[in-house]
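Single-structure report; data block below.
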Amino acid sequence: MLTQVAEGVLVHQSEFMQSNAVVVQGQAGVLLIDPGIQDHEMVCLANDLQELGQDVVAGFSTHPHWDHLLWHPRLGSAPRFGTARCAGAIQTRLADPQFQDFVRTLIPPDIVEQVPLDLLGHITALPAGATVIPWDGPRVRIIEHNAHAPGHAALVIEERGVLVAGDMLSDVLIPMLNVMGTADPIEDYLAALRLLEGAAGDVDVVIPGHGSVGGSGQVTARISQDRAYMHALRDAEVLSDPRLDPSAYGKDFLPDVHDQQLHYLTPSSEHDQAPG
Ligand SMILES: [Zn+2]
């Protein structure tokens with residue numbers, strides 16, 4: 001089911017981790033951002049678009065994680081864009097003949113058979129430093145940064161007042177850092193939040209990669225919440241974050257993610273005492 005969240009901007013949410021696919025209406029068809037997860041969900045989306053008389057004329061993946069790189073034949077053969085670093089990261093992995101087998105190990109067993117991997121990651125690189133998605137529709141500004149994954153991009157649909165945040169600014173998931181990909185993951189994440197803050201004045205709807213769409217006031221509230229998480233991680237402070245509450249959505253796995261990040265990023269961790 002497609003839900004309109006702003007004029008000409010619709011969201012299709014997956015059963016898997018509240019993943020949001022975003023549809024932006026253009027002149028002659030739609031831009032589809034992070035299309036979805038399970039076969040039947042992408043078929044449902046394709047059917048909805050068919051009923052609206054809309055073809056997909058461009059795709060975009062916000063970052064090179066499997067759950068943002070999927071596609072379905074019913075969605076057609078439009079170019080699927082990503083930042084140069086996103087495309088580079090996935091192309092390197094696709095060159096490994098074992099990659100699909102590896103991806104299967106990342107997908108929960110109860111849905112792995114429902115996730116179509118044939119078209120995973122067929123991303124066309126935008127030029128390095130590209131600031132807009134090339135398509136015939138509302139201007140979509142790319143805010144690339146070095147936070148959750150290589151080449152991660154948030155998107156600002158200026159005319160519609162919408163921020164597509166990729167895997168940041170979620171109301172259900174804590175910030176997940178790209179701990180292996182950068183020398184200072186916490187500072188890079190804080191820098192990314194400052195970039196999003198710079199765009200916040202232009203938007204009143206935020207669509208996270210996972211979780212619920214936030215309305216007016218939520219953009220800055222979620223930036224503040226993610227920043228408080230990062231400061232607590234950086235300063236080894238006691239953390240009070242509703243997303244880590246024992247009754248919260250991610251109670252089965254987020255406390256472990258948090259512990260791993262804490263372990264990896266605090267100066268006393270074994271990692272920093274490794275020889276060499
Ligand atoms: Zn991700």
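As the structure lists them, so they are numbered: ligands from 1, and atoms in each ligand from 1. Numbers here are sequence positions counted from 1. Note that this is a predicted model, so its numbers are computed, not measured.
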*Check the angle between the aromatic planes of His65 and His148 and answer parallel, tilted or perpendicular using the 30° and 60° thresholds.*
perpendicular

*So which residues get pulled into Val140's cluster when ILVMFWY side chains under 4.5 Å apart are joined, directly or through others?*
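Taking Ile, Leu, Val, Met, Phe, Trp and Tyr as members, Val140 shares its hydrophobic cluster with Val5, Val9, Val11, Val22, Val24, Leu31, Ile33, Val57, Phe60, Phe81, Leu126, Ile133, Trp135, Ile142, Leu155, Ile157, Val162, Val164, Val205, Ile207, Val213.
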
*Using only heavy-atom distances, determine whether the side chains of Ser61 and His68 contain a donor-acceptor pair under 3.5 Å.*
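Per modelled atom types, Ser61 and His68 side chains form no pair under 3.5 Å.
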
Taking only Lys NZ, Arg NE, NH1 and NH2, and the carboxylate oxygens of Asp or Glu, determine whether [X] and [Y] approach each other closer than 4.0 Å.
X: Arg139; Y: Glu159; result: no
X: Arg227; Y: Glu197; result: yes
X: Arg243; Y: Asp226; result: yes

*Tell me, which protein N/O/S atoms are under 2.8 Å away from the Zn ion (ligand 1)?*
His63 NE2, His65 ND1, His148 NE2, Asp167 OD2

